[in-house]
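See structure below.
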Amino acid sequence: MKKYVTLFIAVIILSQGAFSQEDDSSVLDKNNWTLRTFAIGKPYTFEQRTAVPNLFSGLGLKYNFKNISLRVSYENNPYGYRDAFENLANKEQVVRLGAEYRRVYEGRVSLNLFVDLAYMDFSQDYGTTDSLAKPISLTTIRGNGFGGIIGIGVDYYLTPEISICLESRLDILYYRPEYETTFYVTNTTTQSEQRFTQTNLGIIGNFGINYHF
């Protein structure tokens, strides 16, 4: 994981050199606002083993200056699975607020560096059963998290009003989950809580469609 994080940071640093080149006039020159739709979004929760991308996971809004945009977004990422012995349901809601710096090439391709602050609420229910579908245990997780997100994105403008975008991101988040596990066989319940920081790299962090107005 560390080598991928190092490579990701190196790409961001190298892209700074590309930003020094002269940029062309942008299709954003006449559009101050950008409405972002996340067609595909990668979840943020610390439980990455079963986290799968979501379709149409959120919306965002940007106000565009010459080379800088202020941005805010909201995402809702439910996911889960079920088989003969396990079932999991996870939900998270994430609010991000930040800024990005961009350079536009050939008037249609925008390379963006962004930094966001993020806050999330998440919940998870994980249950196990035996071969007769009788419940064995149920673990509920409730918590929240916050931290910073840095990344790089590319927008391609199909028209002055429509573009598609892809963002890669590095999440550095502090999680505060609380656990409660019930064992049905012994009729006992345990409770615990954790506090930890985790770094997650999403090569495909978000893919979406933008409307500029």
Side-chain angles (χ1 to χ4, degrees), residues 8-9 11-12 15-16 19 23 26-46 51 53-79 90-104 108-123 142-176 197-213:
F8 181 76
I9 294 175
V11 169
I12 291 179
S15 67
Q16 292 280 6
F19 284 1
D23 64 329
S26 169
V27 293
L28 283 177
D29 288 346
K30 297 181 180 179
N31 295 313
N32 292 330
W33 293 93
T34 298
L35 177 64
R36 310 169 64 206
T37 61
F38 299 142
I40 300 176
K42 179 181 182 295
Y44 299 81
T45 49
F46 61 91
N54 284 284
L55 300 178
F56 303 104
S57 59
L59 292 172
L61 189 65
K62 296 196 295 187
Y63 185 79
N64 307 303
F65 298 95
K66 175 62 177 177
N67 296 113
I68 296 175
S69 296
L70 302 179
R71 40 191 271 158
V72 62
S73 63
Y74 167 80
E75 294 173 71
N76 181 35
N77 289 309
Y79 64 89
N90 191 92
K91 297 180 181 178
E92 67 176 29
Q93 300 183 80
V94 182
V95 176
R96 290 167 56 178
L97 177 65
E100 70 178 32
Y101 178 78
R102 71 178 172 278
R103 301 287 280 189
V104 179
R108 286 188 176 275
V109 179
S110 175
L111 186 61
N112 317 309
L113 293 181
F114 63 86
V115 177
D116 289 341
L117 298 177
Y119 176 83
M120 72 175 68
D121 281 314
F122 56 85
S123 64
R142 303 290 184 267
N144 55 55
F146 59 89
I149 298 172
I150 60 175
I152 184 170
V154 176
D155 296 349
Y156 180 77
Y157 296 88
L158 303 174
T159 72
E161 289 77 31
I162 303 294
S163 68
I164 56 176
C165 61
L166 175 65
E167 289 185 348
S168 298
R169 67 174 203 252
L170 180 65
D171 307 333
I172 307 172
L173 300 173
Y174 179 71
Y175 298 99
R176 301 184 294 190
T197 300
Q198 186 166 302
T199 300
N200 298 315
L201 177 62
I203 299 301
I204 301 180
N206 296 98
F207 173 80
I209 302 172
N210 297 330
Y211 173 66
H212 310 280
F213 59 99

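We're numbering straight along the sequence, starting at 1. Predicted model, so just to flag it, every value in this text is computed and none were measured.
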Next item on the list: Compare all side-chain heavy atoms of I149 with those of V115 and state whether any distance is below 4.5 angstrom.
Entry: no

Check: Do the two ring centres, one from F146 and one from Y119, sit under 6.0 Å apart?
Finding: no

Check: S163 side chain to Y157 main-chain N or O, any donor-acceptor pair under 3.5 Å?
Finding: no

Notebook entry, point to check: What are the two closest non-hydrogen atoms of P43 and E92, and how far apart are they?
Noted result: CA-OE2, 3.3 Å

Margin query: When you measure from the side chain of R108 to the backbone of L158, do you find a donor-acceptor pair of N or O atoms at a distance under 3.5 Å?
Written below: yes

Check: Would you call F114 and E167 a side-chain contact if the rule is heavy atoms closer than 4.5 Å?
Finding: yes

Next item on the list: Determine whether the side chains of Y211 and E161 contain a donor N or O and an acceptor N or O closer than 3.5 Å.
Entry: no

Item checked: salt bridge (Lys or Arg N to Asp or Glu O under 4.0 Å) involving R176 - partner list, sequence neighbours excluded -> none

Note to self: When you compare the side chain of E75 with that of N54, does any pair of heavy atoms fall below 4.5 Å?
What the structure shows: no

Next item on the list: Just jot down the salt bridge (Lys or Arg N to Asp or Glu O under 4.0 Å) partners of E100, sequence neighbours excluded, or say none.
Entry: K62, R71

Note to self: Looking only at the side chains, is there a donor atom on one of N67 and R102 sitting less than 3.5 Å from an acceptor on the other?
What the structure shows: no

Checklist line | Heavy-atom side-chain contact between Y175 and F122 under 4.5 Å | finding: yes

Check: Got a donor-acceptor contact below 3.5 angstrom from the N64 side chain to the N32 backbone?
Finding: yes

Notebook entry, point to check: So do T34 and L61 actually touch side chain to side chain, heavy atoms under 4.5 Å?
Noted result: no

Check: Does the side chain of I164 come within less than 4.5 Å of N210's, by heavy atoms?
Finding: no

